[in-house]
There are 2 protein chains.
Amino acid sequence: MTTSPTNGRRPTIDDVARAAGVSKGTVSRALNGHRWVSPDAQRAVEAAVKQTGYRANALARGLKLQRAGSVAFLLGEDLDHMFGDPNFATLMRGASDSLAEMSMSMVLLLAGSADEQARALDFIGTGTIDGVMFVSWHHDMSVLTDLNRAGIPTIFCGTPRAGDPMTSFVTADDLDGAIQMVEHLLSRGRKRIGMIAPPKDAVGGSLRVEGYLRALGDLADESLIVYGDYTREGGRAGMLKLLAQHPDIDAVFAANDLTAAGAIEAAQAEGKVVPDDISIGGFDDNSAATSTVPAITTMRQPFIRLAKEMTRLLIDQINGEPPAQLTLRTELVVRDST
Amino acid sequence: MTTSPTNGRRPTIDDVARAAGVSKGTVSRALNGHRWVSPDAQRAVEAAVKQTGYRANALARGLKLQRAGSVAFLLGEDLDHMFGDPNFATLMRGASDSLAEMSMSMVLLLAGSADEQARALDFIGTGTIDGVMFVSWHHDMSVLTDLNRAGIPTIFCGTPRAGDPMTSFVTADDLDGAIQMVEHLLSRGRKRIGMIAPPKDAVGGSLRVEGYLRALGDLADESLIVYGDYTREGGRAGMLKLLAQHPDIDAVFAANDLTAAGAIEAAQAEGKVVPDDISIGGFDDNSAATSTVPAITTMRQPFIRLAKEMTRLLIDQINGEPPAQLTLRTELVVRDST
DNA sequence: CTGAAAGCGCTTACAG
DNA sequence: CTGAAAGCGCTTACAG
């Protein structure tokens with residue numbers, strides 16, 4: 001029965017303590033940055049950790065601390081819908097990065113189908129997760145309700161609407177963003193400005209429509225609004241419809257960049273010159289915005305910042321702070337499509 | 001000091017035991033399906049669980065059992081590259097589903113960048129995960145090496161190549177699939193068959209090239225091979241190149257469906273009729289295969305089955321079985337492009 | 001500054 | 001069939 005650092009099983013804190021010649025309490029204190037550890041002990045522990053390849057068992061640690069040390073990125077959307085949406089990857093990577101800075105880890109949980117929802121909730125209920133970031137492009141907030149009921153710290157990405165369960169959220173200012181874009185279009189001398197709107201159940205979608213209407217004021221004409229679905233295809237279809245019904249339009253506010261890209265393609269296919277004949281503005285400022293010729297004038301959503309604030313607020317909440325809600329401004333990025 | 005089922009903290013097994021009027025040992029036995037529990041006790045426990053809303057703490061359970069109860073789906077690819085690749089979503093959903101059937105949960109871990117790799121490895125080393133499914137479209141197997149060294153049960157999706165660390169894997173038969181496709185093209189009377197190959201570092205890519213060459217035998221002409229990158233764009237470019245260099249080709253084997261879709265578009269843009277002037281075959285049978293007109297003849301990869309076998313083999317390995325390697329046949333799906 | 005001890009919430013031989 | 005007890009690997013008051 002030797003000290004056998006590695007005989008198949010993972011080294012424990014006892015192995016480290018033995019190798020360092022101190023008690024495991026001291027090892028723990030040395031590792032967790034507590035004061036009250038002599039330089040000698042600190043050195044010995046560090047050497048022993050290196051020698052044994054010790055990593056604290058997260059299960060044991062979490063059990064004692066009543067903290068799992070990880071949060072879920074819960075995706076309330078079918079995985080396939082996420083494909084082709086560059087926002088998602090950016091948001092997710094941003095969250096993963098800022099979580100890592102706080103030495104917490106992120107796990108992605110799928111909640112697109114009812115089945116997946118049940119599974120995710122089950123997993124969360126098991127104590128493996130300290131909190132959840134809920135991301136969904138459409139309004140189906142039953143998961144949020146369940147999470148609330150279970151008392152899990154949760155933060156939502158986007159603006160919930162009236163009637164949705166009350167939670168923390170972080171969002172870009174959809175209303176103001178839409179206003180800025182339409183005002184930009186107006187400043188370009190455009191008079192007949194159509195909109196290819198977000199799908200009706202999109203989170204924050206009605207705010208963009210409202211901003212559009214508000215900025216237009218007396219010029220507003222509801223018949224100039226057609227609904228898209230946030231895809232390139234939808235943008236094409238929307239533009240075609242708009243052109244057919246209102247041959248006189250000279251600008252279009254597209255609900256997002258993907259939509260704008262499709263709209264540009266369709267307009268060009270119809271023989272229109274963008275922006276000379278028709279200006280087209282988008283929303284997001286993701287890779288789609290520079291995938292077209294001309295490149296798209298758009299409202300930049302601060303995705304990385306959103307992700308950062310989302311993790312900050314969530315962690316505060318895990319630490320007992322009350323829920324909070326944060327709205328971030330968007331910024332006009334002028335390119336060649338307007 | 002009442003029994004207080006819910007006073008903020010989660011109910012524990014002690015709460016259930018108290019409510020059911022039995023010991024916690026009995027509760028545990030009742031919940032884990034052990035024999036040797038009287039019907040009365042079983043009923044009492046079930047009622048108490050319902051009443052308290054008890055869910056076993058996974059941390060405590062895992063600590064005792066030396067089992068985390070979850071596996072990682074480790075993605076060795078930049079998240080952005082995954083977007084636009086329908087295979088990935090299918091594989092991931094398949095894995096998630098079959099894992100759920102074994103009441104294990106799946107967490108997605110990103111390992112696209114060096115940073116993410118380090119973080120993922122760190123997380124895994126912490127004991128929160130019982131095993132990992134490693135998915136990567138390109139050859140950079142250093143993660144596999146680290147996983148092996150750490151003694152983490154791991155299964156790879158795709159065929160590692162000589163020199164890669166030895167592990168379990170599940171793969172579609174790339175070699176045979178390529179042979180089948182080329183033979184199909186030959187059976188259509190095609191003589192000059194080009195190939196838009198997978199990128200050179202693609203997992204299993206060289207096998208598809210080898211199958212192409214082998215099926216062609218004496219007809220093989222290496223100058224008819226151009227390299228793509230598994231994207232639609234790459235398919236377009238490849239086709240254009242092929243057409244420019246070899247105006248006489250009458251068929252193309254595209255490395256995957258995305259490539260085939262791009263190739264069809266490019267061929268048509270050049271005034272070719274598919275399949276009359278030129279037959280184009282793909283590989284995968286995902287949504288891209290039916291996104292074009294004509295729809296694409298392709299080799300179906302059994303993604304769901306791959307995912308299922310991947311989880312089965314991984315779990316066996318977690319349970320102490322030795323590593324294993326499984327190759328699944330692909331199936332020719334004839335559509336209109338050949 | 002450090003060690004011994006208790007306890008986080010489970011499961012499972014071990015007695016009965 | 002069931003309860004009491006030990007122990008999984010940690011952290012943190014509590015004494016010293």
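Chain letters run A, B, ... following the sequence lines, proteins first, then strands; residues in each count from 1.
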Going by the rule ring pair (Phe, Tyr, Trp, His ring centres under 6.0 Å), which residues pair with Phe156(B) if we only count those two or more places apart in sequence or in a different chain?
Phe134(B)

To the nearest 0.5 angstrom, please state how far the [atom1] atom of [X] sits from the [atom2] atom of [Y].
{"X": "Glu116(B)", "Y": "Leu110(B)", "atom1": "CD", "atom2": "CG", "value": "4.5 Å"}
{"X": "Leu59(B)", "Y": "Leu59(A)", "atom1": "CG", "atom2": "CG", "value": "5.0 Å"}
{"X": "Phe123(B)", "Y": "Ser103(A)", "atom1": "CZ", "atom2": "OG", "value": "13.0 Å"}

Check whether Thr52(A) reaches the backbone of Ala48(A) with its side chain - one donor and one acceptor, N or O, closer than 3.5 Å.
yes

Is the side chain of Thr26(A) donor-acceptor paired with the backbone N or O of Val22(A) at a distance under 3.5 Å, no angle test?
no

Dot-bracket notation for DNA chain D, counting Watson-Crick and G-U pairs under 3.5 Å, with | for partners on another strand:
|||.||||||||.|||

Can you work out whether Ala60(B) or Val37(B) has the more 5'-proximal nearest nucleotide on DNA chain D?
Val37(B)

Map Leu59(A) and Gly25(A) onto DNA chain D by nearest heavy atom, then report which one ends up closer to the 5' terminus.
Leu59(A)

For Thr171(A) and Thr159(A), run side chain to side chain donor-acceptor pair (under 3.5 Å): C-alpha distance rounded to whole Å, both residues' side-chain angles, the deciding distance at 0.1 Å, then the answer.
CA-CA 6 Å; Thr171(A) 186; Thr159(A) 318; 3.1 Å; yes

In short, side chain to side chain donor-acceptor pair (under 3.5 Å) pairs touching residues 304-317 of chain B with sequence neighbours left out are Ser168(B)-Gln317(B), Arg305(B)-Glu309(B), Glu309(B)-Arg312(B)

Which side chain to side chain donor-acceptor pair (under 3.5 Å) pairs, counting each pair once, include a residue from residues 57-72 of chain A, with sequence neighbours left out?
Asn32(A)-Arg61(A), Arg67(A)-Asn319(A)

Distance under 4.0 Å to a non-hydrogen atom of chain A counts as contact; along DNA chain D, which nucleotides mark the start and end?
dG9(D) to dA13(D)

I need the residues from residues 62-71 of chain A with at least one non-hydrogen atom less than 4.0 Å from DNA chain C; give them sorted by number, or say none.
Leu63(A), Lys64(A), Gln66(A)

Which residue lies toward the 5' end of DNA chain C, Asp40(A) or Arg61(B), if each is placed at its nearest nucleotide?
Asp40(A)

For a quick check of understanding: with a heavy-atom distance under 4.0 Å over all strands, which category does [X] fall into, base, sugar-phosphate or nothing?
{"X": "Thr26(B)", "result": "sugar-phosphate"}
{"X": "Asn32(A)", "result": "sugar-phosphate"}
{"X": "Thr12(B)", "result": "sugar-phosphate"}

Any side-chain heavy atom of Leu99(B) sitting closer than 4.5 Å to one from Phe73(B)?
no

Taking the side chain as everything from C-beta on, heavy atoms only, tell me whether Leu109(B) gets closer than 4.5 Å to Leu75(B).
no

